Student: 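My structure is below; once you've seen it, I'll send some questions.
Keep in mind that what you see is a predicted model, and the values were worked out from it rather than measured. In this chain, residues are counted from 1 in sequence order.
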Amino acid sequence: MPSISGKTTNKKKGIKVVLKKGTGIKQYTVSVSKNSKSGFKKVKTVKVSKKKSYSFQITKNGKKKFKKGTYYVQVTPKVKFGNKTYSSDVSTVASAYVYK
């Protein structure tokens with residue numbers, strides 16, 4: 001399962017996301033929201049290759065930059081069976097605090 005942590009740099013506010021590769025997963029969809037149960041906006045799709053983990057920083061929630069506060073990051077894995085790709089019903093939701 002992915003680990004998610006909040007991070008602030010000198011120039012950009014953002015959330016650092018670290019994903020560890022799972023078996024059979026072909027891609028991850030990363031979404032962000034201010035509410036833990038709804039309102040998630042897709043911010044990134046990560047295609048899985050031979051790497052064991054993926055690390056990147058999210059600096060926007062949709063088209064708006066992050067403000068100070070708690071954000072919830074949802075990571076949904078997609079698995080490929082045959083010629084079809086299926087989105088998992090189980091997704092990881094973690095909170096991250098963005099400092100001003």
Student: The criterion is side chain to side chain contact (heavy atoms under 4.5 Å, CB included); which residues satisfy it with K34, sequence neighbours excluded?
Tutor: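 Testing K34 for side chain to side chain contact (heavy atoms under 4.5 Å, CB included), a comparison that skips the adjacent residues, returns Y71.
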
Student: State which residues pass side chain to side chain contact (heavy atoms under 4.5 Å, CB included) with S33; sequence neighbours excluded, sorted by chain then number.
Tutor: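 S33: side chain to side chain contact (heavy atoms under 4.5 Å, CB included) contacts with N35, F40.
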
Student: Take V30 and V73 through the side-chain contact (heavy atoms from CB on, under 4.5 Å) test and state the conclusion after the steps.
Tutor: CA-CA 7 Å; V30 181; V73 179; 3.8 Å; yes

Student: Not counting sequence neighbours, which residues clear ring pair (Phe, Tyr, Trp, His ring centres under 6.0 Å) with Y72? List them please.
Tutor: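 In terms of ring pair (Phe, Tyr, Trp, His ring centres under 6.0 Å), with neighbours along the sequence ignored, Y72 is linked to no residue.
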
Student: Output the distance between atom OG1 (T76) and atom CD (Q27), rounded to the nearest 0.5 Å.
Tutor: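 Interatomic distance, T76 OG1 to Q27 CD, rounded to 0.5 Å: 10.5 Å.
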
Student: Out of curiosity, I25 CD1 to K80 NZ, how far, rounded to the nearest 0.5 Å?
Tutor: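 Answer rounded to 0.5 Å: 15.0 Å.
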
Student: Go through the steps to decide whether V75 and T29 satisfy the test side-chain contact (heavy atoms from CB on, under 4.5 Å), and finish with yes or no.
Tutor: CA-CA 6 Å; V75 178; T29 302; over 6 Å; no

Student: So which heavy atom on I15 is nearest to which on F66, and how close?
Tutor: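 Residues I15 and F66, closest heavy atoms: CD1-CZ, 3.8 Å.
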
Student: Show which side-chain atoms of residues 43-56 pair as donor or acceptor with protein atoms under 3.5 Å away, not counting sequence neighbours.
Tutor:
unit_1: T45; atom_1: OG1; unit_2: K42; atom_2: NZ; d: 3.3
unit_1: S49; atom_1: OG; unit_2: Y54; atom_2: OH; d: 3.4
unit_1: Y54; atom_1: OH; unit_2: S49; atom_2: N; d: 2.6
unit_1: Y54; atom_1: OH; unit_2: S49; atom_2: O; d: 3.4

Student: List the steps and the verdict of side-chain contact (heavy atoms from CB on, under 4.5 Å) for K78 and S87.
Tutor: CA-CA 4 Å; K78 293 191 177 185; S87 179; 4.3 Å; yes

Student: Would you mind reporting whether V32 and I58 have side-chain heavy atoms less than 4.5 Å apart?
Tutor: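 Contact flag for I58/V32 side chains = yes.
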
Student: For S36 and V93, which heavy atoms make the closest approach, and how far apart are they?
Tutor: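 Where S36 meets V93 most closely, the heavy atoms are O-CG1, 4.2 Å.
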
Student: Can you measure from OG (S31) to CD (Q74) and round to the nearest 0.5 angstrom?
Tutor: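 The distance works out to 5.5 Å.
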
